[in-house]
Amino acid sequence: MGMLLDEIIEAMPVFTKELVAGGVAGGFAKTVVAPLERVKILFQTRRDEFKSVGLFGSFKKISHTEGIMGLYRGNGASVARIVPYAALHYMTYEQYRRWIILSFPDIGRGPVLDLVAGSFAGGTAVLLTYPLDLVRTKLAYQIISSSKANINGVIGMELVYKGIRDCFSKTLKESGLRGLYRGVAPSLYGIFPYAGLKFYFYEEMKRHVPEEHKKDIVVKMVCGSVAGLLGQTFTYPLDVVRRQMQVQRLSVSNNAELKGTMETLIMIMQKQGWKQLFSGLSINYLKVVPSVAIGFTVYDMMKASLRVPSRDVIEAVTDKRNSQPSLHS
């Protein structure tokens with residue numbers, strides 16, 4: 001069995017190994033922080049109901065009305081999204097990095113390369129997996145109220161969407177394919193700098209780690225934590241805008257008119273105050289620290305298990321290929 005597994009690993013192309021490593025890393029990290037993600041979404045979209053009771057009050061309220069599994073509502077859609085998203089994100093980052101080096105042999109190997117490759121990788125992954133993020137948010141937004149009365153214009157006890165497939169089906173029926181990409185604009189505005197900065201900070205911090213500590217799991221987790229915190233702080237308001245755009249159809253007060261990115265941003269600032277643009281940020285810090293740290297660490301560990309060549313080896317081969325004279329020169 002071990003020999004068969006070795007043969008399978010050896011036969012896998014490098015990009016396939018990176019896809020597998022990224023998918024495992026993303027799914028594992030997302031599941032660990034799923035309860036914090038649920039509460040963060042509720043903070044962003046159901047301000048009066050949950051923000052007033054705080055983090056632990058929100059956990060208690062959800063557990064009381066929906067049970068412990070209520071903390072994981074929408075996590076199935078979240079994992080279904082994050083596995084292909086993370087797989088594409090990490091793999092395309094590596095591929096864009098190699099393509100840039102191959103196309104522009106004189107470019108430096110510094111943090112700017114990681115910033116550009118990470119940004120384009122984030123945009124690619126978002127475009128290909130966004131409908132799953134929309135479904136995840138709609139499912140997480142729903143709550144089972146202990147009262148039959150509607151609260152603040154929110155549709156009552158009956159769940160609008162029964163699951164992932166039902167949410168996809170109803171969204172397509174109501175709004176068409178365009179409805180599955182509602183809120184994608186602020187996602188792209190946010191992911192380009194966030195993904196780029198995340199890889200930039202992570203790779204830059206690793207460069208300053210002494211060689212003997214580069215394989216230390218604790219060091220990798222610290223680098224990942226700081227990278228996630230810095231990257232998220234700069235782009236968080238766009239995440240709030242995206243969430244509110246995604247759930248506009250579920251709020252009675254917003255059914256009359258669906259707003260675009262800038263309109264939603266202005267509406268939040270005018271009606272809810274600028275502080276709402278950072279609602280849930282403290283929870284996001286609690287979520288980002290383990291999520292990004294675990295993601296980067298598991299990704300590096302999976303690459304080692306799947307025997308993905310180090311970047312130094314791949315880049316040396318690329319440099320050698322670039323230095324070979326062309327047959328037409």
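Keep in mind the model is a prediction, meaning the values are calculated, not measured.
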* To do: For residues E94 and R98, determine if any side-chain heavy atom of one lies less than 4.5 Å from a side-chain heavy atom of the other.
  => yes
* To do: Carefully, step by step, assess E18 and Y299 under the rule side-chain contact (heavy atoms from CB on, under 4.5 Å).
  => CA-CA 8 Å; E18 289 165 350; Y299 177 64; 4.0 Å; yes
* To do: Show the numbers, then the answer: is there a side-chain contact (heavy atoms from CB on, under 4.5 Å) between K275 and M269?
  => CA-CA 8 Å; K275 289 184 179 179; M269 293 182 68; over 6 Å; no
* Asked: Is a donor on one side and an acceptor on the other found under 3.5 Å between the side chain of K17 and the backbone of I9?
  -> yes
* How far does OH of Y189 sit from CG of L265, to the nearest 0.5 angstrom? -> 11.0 Å
* Look at the rings of Y202 and F296 and say which category their plane angle falls in: under 30° parallel, 30 to 60° tilted, over 60° perpendicular. => parallel
* Does any non-hydrogen side-chain atom of K170 lie less than 4.5 Å from one of K173? -> no
* Going through the checks in order, is the side-chain contact (heavy atoms from CB on, under 4.5 Å) test met by E10 and R307? -> CA-CA 8 Å; E10 290 300 323; R307 297 165 212 157; 3.0 Å; yes
* Asked: Under 4.5 Å between any side-chain heavy atoms of Y181 and L134, yes or no?
  -> no
* Asked: Can you tell me if S291 and K30 form a side-chain donor-acceptor pair at under 3.5 Å?
  -> no
* Asked: Does some side-chain heavy atom of M301 sit less than 4.5 Å from a side-chain heavy atom of V24?
  -> no
* Is the closest side-chain heavy-atom distance between T129 and I82 below 4.5 Å? -> no
* To do: Nearest 0.5 Å please: distance from the OH atom of Y85 over to the CG atom of D133.
  => 9.0 Å
* Taking all atoms of both residues into account, what is the closest heavy-atom pair of L277 and V240, and its distance? -> O-CG2, 3.3 Å
* Considering the options V33, I62, L71, L139, which one meets the side chain to side chain contact (heavy atoms under 4.5 Å, CB included) requirement together with R38? -> I62
* **OG1 on T31 to CD1 on I294, rounded to 0.5 Å** => 10.0 Å
* To do: Please work out which of the three classes, parallel, tilted or perpendicular, describes the rings of Y236 and F278, given edges at 30° and 60°.
  => parallel
* Structure fact -> In short, T235 meets P193 closest at the heavy-atom pair CG2-CG, 3.6 Å
* To do: Kindly work out whether a path of hydrophobic side-chain contacts (I/L/V/M/F/W/Y, heavy atoms less than 4.5 Å apart) joins L128 to I164.
  => no
* Please assess T124 against Y96 for the test side-chain hydrogen bond (donor to acceptor under 3.5 Å, both in side chains), listing each intermediate value before the final yes or no. => CA-CA 11 Å; T124 301; Y96 279 131; 2.8 Å; yes
* Structure fact -> Interatomic distance, CG@D216 vs CE@M221, rounded to 0.5 Å, equals 11.0 Å
* **Same apolar cluster: L127 and L19, side chain cutoff 4.5 Å** => no
* Which atom pair, heavy atoms only, marks the closest approach of A29 to G295? -> CB-N, 3.9 Å
* Asked: Hey, what do you get for CG (L172) to CZ (R178), rounding to the nearest 0.5 Å?
  -> 14.5 Å
* Verify the cluster assignment for V292 and V79: are they in a single hydrophobic cluster under the rule of side-chain heavy atoms below 4.5 Å apart? => yes
* Give a yes or no on whether L238 and L230 share a hydrophobic cluster (residues Ile, Leu, Val, Met, Phe, Trp, Tyr; joining criterion: side-chain heavy atoms under 4.5 Å apart). => no
* **Any donor-acceptor N or O pair under 3.5 Å, side chains Y194, D239** => no
* What are the two closest non-hydrogen atoms of T92 and A121, and how far apart are they? -> OG1-CB, 3.2 Å
* **Shortest non-hydrogen contact between G118 and A195, atoms and distance** => O-CB, 3.2 Å
* Flag the pair M267 / Q244 as yes when at least one side-chain heavy-atom distance between them is below 4.5 Å, and no otherwise. => yes
* To do: Compute the ring centroids of H64 and F59, then answer whether they are less than 6.0 Å apart.
  => no
* Asked: If you take all heavy atoms of G196 and S119, which pair is closest and at what distance?
  -> CA-OG, 3.3 Å
* Asked: Below 4.5 Å, heavy atoms only, C-beta onward: do F120 and F192 meet side chain to side chain?
  -> yes
* **Check: R182 main-chain N/O paired with Y130 side-chain donor or acceptor under 3.5 Å** => yes
* To do: Find the distance between OH (Y72) and CD (E66) and round it off to the nearest 0.5 Å.
  => 14.0 Å
* Given side chains that start at C-beta, do those of Y285 and L229 come closer than 4.5 Å, heavy atoms only? -> yes
* Asked: Can you list the steps and then say if D114 with R207 is a side-chain contact (heavy atoms from CB on, under 4.5 Å)?
  -> CA-CA 12 Å; D114 298 309; R207 286 188 183 94; 2.8 Å; yes
* **ILVMFWY cluster, L88 and V20 together (side-chain gap under 4.5 Å)** => no
